[in-house]
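All remarks here apply to the structure that follows.
What you see below is based on every heavy atom in this structure, not just the backbone, and it leaves out hydrogens, waters and symmetry mates. The model shown is predicted, which means the values in this text are computed figures rather than measured ones. So that the names make sense, note that chain A is the first sequence line, chain B the second, and so on, each numbered from 1.
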Amino acid sequence: MLDLRQIREKTEQIQERLNLRGGYDLNPILALDQQQRELEGRRSQLQARSNEIGKLVGQKMKSGADPKSEEIHALRDEGNQVKAQLSELEPQERDLKAQLEALLLTLPNLPSESTPIGKSEDENVEIRRWGDEYLPQNPNILPHWEIGEKLKILNFERSTKVAQSRFVTLIGAGAALERALIQLMLDRQIRAGYLEVIPPFLINSQSLTASGQLPKFSEESFKCDRDDLWLTPTAEVPVTNLYRDEILSVEELPIHHCAYTPCFRREAGSYGRDTRGLIRLHQFNKVELFKFVHPDTSEPEHQTLTRDAEAILQALQLPYRVIELCTGDLGFAAGKTYDLEVWLPSSGKYREISSCSNCYDFQARRGNIRFKEPGKKGTQFVHTLNGSGLAVGRTMAAILENYQQPDGTIRLPEALQPYLGREIL
RNA sequence: GGAGAGGUGGCAGAGUGGUCGAAUGCGCUCGACUUGAAAUCGAGUGUACCGAAAGGUACCGUGGGUUCGAAUCCCACCCUCUCCGCCA
């Protein structure tokens, strides 16, 4: 959520930055804001008078005035009049506030000053590349779903029977590999200073609103209708909300968390895209990195978070590149994002395997996550950052392809071998 | 699912329908005393919105209601805890 006061005071600057990500009109918000504040002024004056009357009556009664005296009668009458006026203003004001809130919740975050300007993913900027020396030499690499089925470690067909398309069952070494990857990722991120959490996988609407999935993207998540609970689309949601409505002390910052969770996404609107394999499933595993930081440190924290995600790809010796998203391609809550893209030989392309975003105070404002600094008046919003470290299914896909040998076996990355107790799959 | 208890400030815990944003204790901050510390004593210590300021308004689980006036009374809902049942 953007700061209403900023919208009011720096309208043009904010409008300009919003335009970089597509058309958003601030005028309806400004109009509502003005009406609301005017109404609030009137209402609070009336309220003040009402309070005054209440006190006066109380004082008179206490000092032994006759409840039926004319004086008290007059006060009661006025009180009733004020109340009648209030009962007209109050619903109006409440309604305006709700409208205003609803509009504010639909505005995306502002792109940071340093974000490259562009309309679509075509204008994203490559920042760096790593691991060219690990690009596979084998010319006949099978797509990961083919080799996976051949090795009998992935099964898509039976999963469709059990659930739907876009689900997978991992079998034997496939299941073990998935677990090993999760374990390796967590081990390394914990060593890098992230405190592990396993949050609830079902989350309520308020949590989705705070992190930015609601109200605009409700069609992207699975919902349990009877319970106002949703299947988590990413650990970002439950982890952000761990500290919702809290005031942290400055010494608690920064908070670094890593979390393994399954993620559930409806993938509405992506019919026909990545229909085969592990790339786009309704359910996948992910280890997520998360930071709550002091605003002054969020830039460097973003860099190190990205490096921490990269460290996993490096440990697995998977070639990748780092892309900075342009203004037009930023996610709703993000102000600045680096995507990590891993090399997938079967498609001859780099594919997203991690997305590391600085959301600045956008989520903190929605979730009311603040901190207090001694010597400073009031509270400040924390900055939140998140990144995949990494998407596990896509990592498996990358391994099955990049490490494929001419004989159709998979030579496991060295870092992974201790976890599986073998070298070859 | 059945029965009961309860939701008040960072925590603990008072609160008769009227001056209660809320006693008291703990914690925390500052000051005094002390060579230093502890102990003791004194002062302070919620959040948000409006306002240049003075000040005003809101918040005692949430939403309604009664009343001139509600933390306190009424209604609905939510949540937590205990016991029983079921269950991994």
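- Toward the 5′ end of RNA chain B lies the nearest nucleotide of A:G54, the other residue of the pair A:G54 and A:R43 mapping further downstream.
- Side chain to side chain, A:K291 and A:T304 meet the donor-acceptor criterion of an N or O pair below 3.5 Å.
- Base-pair partner of B:rC60: not found among the strands shown (Watson-Crick or G-U wobble, both distances under 3.5 Å).
- Comparing the P positions of B:rG61 and B:rC11 gives a spacing of 13 Å, expressed to the nearest Å.
- Atom P of nucleotide B:rU45 and atom CD1 of A:I247 are separated by 16 Å, given to the nearest angstrom.
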For the pair A:R188 and A:D308, evaluate salt bridge (charged side-chain N to carboxylate O under 4.0 Å, His left out) and give the outcome as yes or no after the intermediate values.
-> CA-CA 9 Å; A:R188 289 186 180 246; A:D308 290 333; over 6 Å; no
Give every pair of a protein N or O atom and an N or O atom of nucleotides 86-88 of chain B that lie under 3.5 Å apart, one pair per line with the distance.
none

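- Remark: the A:Q363 side chain and the A:E236 side chain contain an N/O donor-acceptor pair separated by less than 3.5 Å.
- A donor-acceptor contact under 3.5 angstrom links the side chains of A:Y360 and A:E299, judged on distance only.
- A:K55 NZ: 12 or fewer foreign heavy atoms inside a 6.0 Å radius.
- Taking atom CG of A:L86 as the reference point, atom P of B:rG56 lies 17 Å away to the nearest angstrom.
- Distances from the side chain of A:A48 to the nucleotides B:rC68, B:rU19, B:rU57 place B:rU57 closest.
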For A:Y260 and A:Q183, run side chain to side chain donor-acceptor pair (under 3.5 Å): C-alpha distance rounded to whole Å, both residues' side-chain angles, the deciding distance at 0.1 Å, then the answer.
-> CA-CA 9 Å; A:Y260 153 72; A:Q183 188 71 39; over 6 Å; no
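- Comparing A:D33 and A:E52 against RNA chain B, the residue whose closest nucleotide sits nearer the 5' end is A:D33.
- Using a cutoff of 4.0 Å between basic side-chain nitrogens and carboxylate oxygens, A:R273 and A:E267 are not scored as salt-bridged.
- Looking at A:S205 and A:D228, their side chains do bring a donor and an acceptor atom within 3.5 Å of each other.
- Nearest to the side chain of A:R5, among B:rC49, B:rU57, B:rG18, sits B:rC49.
- The partner of B:rC28, taking Watson-Crick or G-U wobble pairs whose two distances both stay under 3.5 Å, is B:rG44.
- Counting to the nearest Å, the P atom of B:rC50 and the NZ atom of A:K97 are 9 Å from each other.
- With P as the reference atom, B:rA70 and B:rU57 are 13 Å apart, rounded to whole Å.
- Across the C1' atoms, B:rC20 and B:rG46 are found 15 Å apart, a figure rounded to whole Å.
- Counting only N and O atoms by type, the side chains of A:S355 and A:D339 include a donor and acceptor under 3.5 Å apart.
- Note on A:T379: a side-chain N or O is less than 4.0 Å away from OP1 or OP2 of B:rA48.
- The partner of B:rC33 is absent, by the rule that a Watson-Crick or G-U pair needs both atom distances under 3.5 Å.
- Look at A:R370 and you'll find a side-chain N or O under 4.0 angstrom from OP1 or OP2 of B:rA48.
- Within the 4.0 Å cut-off from OP1 or OP2 of B:rA58, at least one side-chain nitrogen or oxygen of A:Q47 is found.
- Per the geometry, CG belonging to A:L46 stands 17 Å off P belonging to B:rC68, to the nearest Å.
- Atom P of B:rU80 sits at a distance of 14 Å from the matching atom of B:rU8, rounded to the whole Å.
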List the protein contact pattern of nucleotides 60-67 of chain B with one symbol per nucleotide (5' to 3'): B for base contact, S for sugar-phosphate-only contact, - for none; contact means a heavy-atom distance under 4.0 Å.
-> ----S--B
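- A:E9 has its CD atom 10 Å from the P atom of B:rA52, to the nearest Å.
- Rounded to a whole Å, the CD atom of A:Q34 is 19 Å from the P atom of B:rC49.
- What separates CD of A:E246 from C1' of B:rG46 is a distance of 15 Å, to the nearest Å.
- The pairing partner recorded for B:rG7 is B:rC78, the criterion being a Watson-Crick or G-U wobble arrangement whose two distances lie under 3.5 angstrom.
- Of all nucleotides present, none satisfies the Watson-Crick or G-U wobble test against B:rG85 with each distance under 3.5 Å.
- Closest approach to the A:V57 side chain among B:rA58, B:rU19, B:rG18 is made by B:rG18 (side chain taken as heavy atoms from C-beta onward).
- Rounded to the nearest Å, the gap between the P atom of B:rG17 and that of B:rG13 is 23 Å.
- Judged by distance alone, the side chains of A:R244 and A:S207 do bring a donor and an acceptor atom under 3.5 Å apart.
- OP1 or OP2 of B:rU57 lies within a sub-4.0 Å distance of a side-chain N or O belonging to A:N51.
- Base pairing analysis places B:rA14 opposite nothing; no Watson-Crick or G-U wobble pair with both distances below 3.5 Å involves it.
- Aromatic rings of A:F264 and A:H282 (six-membered ring for Trp) have centroids beyond the 6.0 Å cut-off, not under it.
- Residue contacts shown for A:D77 are absent, as no nucleic acid heavy atom lies under 4.0 Å away.
- Among the nucleotides B:rC50, B:rU57, B:rC68, the one closest to the side chain of A:R8 is B:rC50.
- One P atom belongs to B:rC73, the other to B:rG7, and the distance between them is 11 Å to the nearest Å.
- Scored by the salt bridge (Lys or Arg N to Asp or Glu O under 4.0 Å) test, A:R17 finds A:E113 as partners (sequence neighbours excluded).
- B:rA14 and B:rA32 have their P atoms separated by 37 Å, with the value rounded to a whole Å.
- Here the side chain of A:K55 is nearest to one of B:rC49, B:rU19, B:rC68, namely B:rU19.
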Given ring-ring contact (aromatic ring centres under 6.0 Å, His included), test A:H302 with A:Y338 step by step and report yes or no.
-> CA-CA 9 Å; A:H302 188 201; A:Y338 296 111; 4.9 Å; yes
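- Both distances falling under 3.5 Å, in either a Watson-Crick or a G-U wobble arrangement, occur for no nucleotide opposite B:rA52.
- On the P atoms, B:rA12 is 16 Å away from B:rU82, given to the nearest whole Å.
- Rounding to whole angstrom units, CZ of residue A:R37 and C1' of B:rA58 are separated by 17 Å.
- In the set B:rA48, B:rU57, B:rC68, B:rU57 carries the atom at the smallest distance from any side-chain atom of A:S44.
- The partner of B:rG69 cannot be assigned: no Watson-Crick or G-U wobble pair with both contacts below 3.5 Å exists in any strand.
- Here A:R49 does not reach the OP1 or OP2 of B:rC68: none of its side-chain N or O atoms lies under 4.0 Å away.
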